[in-house]
*Asks:* 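To start, I am sharing the structure in question, which I have written as C-alpha cells.
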Amino acid sequence: MTANKTLLLLPGDGIGPEVMTQARRVLDWVQKSGRATFQIFEDHVGGAAIDAYGVPVTDAIVQKAKEVDAVLFGSVGGPKWDNVPFEIRPEAALLRLRSELGVFANLRPAKVFDALVESSSLKAELVRGLDIMIVRECIGGIYFGEPRGIETLPDGTKRGVNTEVYTTHEIQRVGRVAFDLAAKRQGRVCSVEKANVMESGLLWRQVMTALRDAEYPDVALSHMYADNCAMQLAKNPRQFDVIVTGNLFGDILSDLAAMLTGSLGLLPSATLGAKDATGRRPGFYEPIHGSAPDIAGKGVANPMAQILSLALLLRYSFDMEEDAAAIEAAVERVLAKAGRTPDIKVEGRPVISTTEMGDALLAELSAT
Ligand code: IPM
Ligand code: MG
C-alpha cells in the first residue's frame with residue numbers, strides 16, 4: 001500500500017462545496033481500493049472564511065497547507081463579499097496561498113473531449129482532438145510586483161500602480177516546467193510575452209531562448225506576442241502544444257483556451273512548486289471555473305473539473321498515475337453516454353444534477 005498521504009480540502013464559496021462533495025466521493029473510492037490512505041483536513045477559505053474568521057484565509061490554514069502533501073481547492077468569491085475591503089477580498093486567499101506555498105507553475109490543460117466537440121464556441125473541425133497545455137507563471141509578474149497601490153496626487157486626483165517584473169530565476173524555473181512537459185508531449189513550446197513593448201517581456205524571451213539552447217536542444221521553441229497568441233488561439237488552436245507565459249497573460253489566455261473546449265466545468269488545473277531537499281514538491285489543485293454564484297446551491301454545477309483536479313493531484317503529488325488515468329477515462333465515458341449537467345447539455349440526453357453526475361462517475365469507476 002502507498003504510504004499514508006495528507007490532504008487539505010478547501011471547498012470555498014459558491015459551487016465550491018457542492019463540487020468538492022463529489023470529489024470527496026472519488027477520494028473515498030481510491031481509499032476503498034486499498035492503494036492509498038488519506039488523512040484529510042478541511043477548512044474554510046475565501047468568503048466562507050471571512051464569515052467564519054473575519055479574514056479570507058487564516059495563518060493556521062496557510063500553515064496547514066504548507067504541512068500537508070497536497071491541497072485541493074474549490075473556488076472563492078461571490079456578490080456577498082463585493083464590499084469587503086480590497087485587502088481581505090476572497091480572492092486574496094488564493095493569491096496568498098499560491099504565494100506562500102511557492103507554487104510558481106500553474107498547469108492549465110485545455111483538452112477537447114470527443115463527446116463535447118459540438119459544445120465548443122468554435123467549429124468542430126477546428127477543435128476536434130485539441131490538447132494544449134498552458135503553463136502560467138503564478139506567483140510573480142504584475143500580480144505581486146512592487147511598487148503597487150493607489151496614491152493621492154498633490155492635486156487630489158489619484159494614481160493606481162502595479163508593476164510587471166520578472167527575474168532570470170523566475171523565468172527559468174517556469175520555463176523548465178514547460179520544456180519538461182513538452183518533452184513528454186509533442187516537443188513544442190510557444191513562449192508568450194510582449195517583448196515589442198515591455199522590457200520584462202524582452203528578458204523573458206532572451207531567458208527562454210538561452211534555456212532551450214543550454215538544456216533542451218530537442219524541444220522546439222517559438223515566441224509569440226500575447227495579443228497574437230489570443231488571435232491564434234481563436235483561429236487555429238491546434239497549432240499549439242505547450243504555451244508558457246507570465247501571470248497576467250496566462251490568466252487571460254487560459255480563459256480563452258478553456259472556452260475553446262466547450263465547458264469551463266470540465267477543466268482542472270495543477271499548480272506546482274519546486275522540490276525541497278527531501279524531494280517533496282508543494283502542489284495546489286483547483287478547477288479553472290470560479291464560484292459561479294448564479295448557480296450555487298442549486299445542485300446543478302458540473303463536478304468534473306473538481307474531480308479532474310483531484311486526478312491531477314493523484315498524478316503529480318502522489319505519483320498515482322493509474323488512479324489518475326482511471327478517473328480521467330471514467331470521466332470521458334460518462335461524458336460519452338450519461339446525462340449531462342446544464343452547462344454541457346445536449347439534445348437527447350437527460351439533464352442531471354451534480355450528485356447524479358457524481359453517481360454516474362462512481363458507477364463507472366466501480367465497474368473498472
Ligand atoms: C484564476 C483566477 C484568479 C487569478 C483570481 C480569482 C484571483 O482568475 O485562477 O485564473 O486571477 O489568478
Ligand atoms: Mg483567471
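Only heavy atoms go into these numbers, but all of them, side chains included; no hydrogens, no water, no symmetry mates. Note that ligands are numbered from 1 as they come in the structure, with each ligand's atoms numbered from 1 the same way. Predicted model only: the values in this text are computed from it and were never measured.
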*Asks:* May I ask you to decide if His223's main-chain N or O and Ser191's side chain share a donor-acceptor pair within less than 3.5 Å?
*Replies:* no
*Asks:* Could you go through Tyr166 and Glu137, starting from their C-alpha distance and side-chain angles, then the distance that decides it, and tell me whether this counts as side chain to side chain donor-acceptor pair (under 3.5 Å)?
*Replies:* CA-CA 10 Å; Tyr166 274 114; Glu137 198 291 326; 2.8 Å; yes
*Asks:* Run the salt-bridge test on Asp131 and Arg185 with the 4.0 Å N-O cut-off and return the result as yes or no.
*Replies:* yes
*Asks:* Are there over 12 heavy-atom neighbours, none belonging to Asp213, within less than 6.0 Å of that residue's CG?
*Replies:* yes
*Asks:* Less than 2.8 Å from the Mg ion (ligand 2) is the window; count the protein N, O or S atoms in it.
*Replies:* 1
*Asks:* Report, as yes or no, whether the 6.0 Å neighbourhood of atom CD on Glu199 holds more than 12 heavy atoms from other residues, nucleotides or ligands.
*Replies:* no
*Asks:* Nearest 0.5 angstrom please: Arg128 CZ to Leu116 CG, how far?
*Replies:* 12.0 Å
*Asks:* What about Glu91: any of its N or O atoms under 3.5 Å from an N or O on ligand 1?
*Replies:* no
*Asks:* Answer yes or no on whether Arg89 is positioned over the face of Phe86, meaning its NZ or CZ is under 6.0 Å from the six-membered ring centre and within 45° of the axis.
*Replies:* yes
*Asks:* Just jot down the ligand 1 atoms closer than 4.0 angstrom to any heavy atom of Arg98, in number order.
*Replies:* 1 (C), 4 (C), 9 (O), 12 (O)
*Asks:* If you count the non-hydrogen atoms of other residues, nucleotides and ligands that lie under 6.0 Å from CD in Glu322, is the total more than 12?
*Replies:* no
*Asks:* Is the shortest side-chain N to carboxylate O distance from Lys64 to Asp43 below 4.0 Å?
*Replies:* no
*Asks:* May I ask whether Arg136 places a heavy atom under 4.0 Å from ligand 1?
*Replies:* yes
*Asks:* If the contact criterion is a heavy-atom separation under 4.0 Å, does Arg108 count as touching ligand 1?
*Replies:* yes
*Asks:* Can you pull out the closest protein heavy atom to atom 8 (O) of ligand 1? Residue, atom name and distance to 0.1 Å, please.
*Replies:* Asp251 OD1, 3.2 Å
*Asks:* Quick one: look up the protein heavy atom nearest atom 11 (O) of ligand 1 and list residue, atom name and how far away it is.
*Replies:* Tyr143 OH, 2.6 Å
*Asks:* Look at atom 3 (C) of ligand 1 and find which of Ile252, Leu94, Thr271, Asn106 reaches it with the closest heavy atom.
*Replies:* Leu94
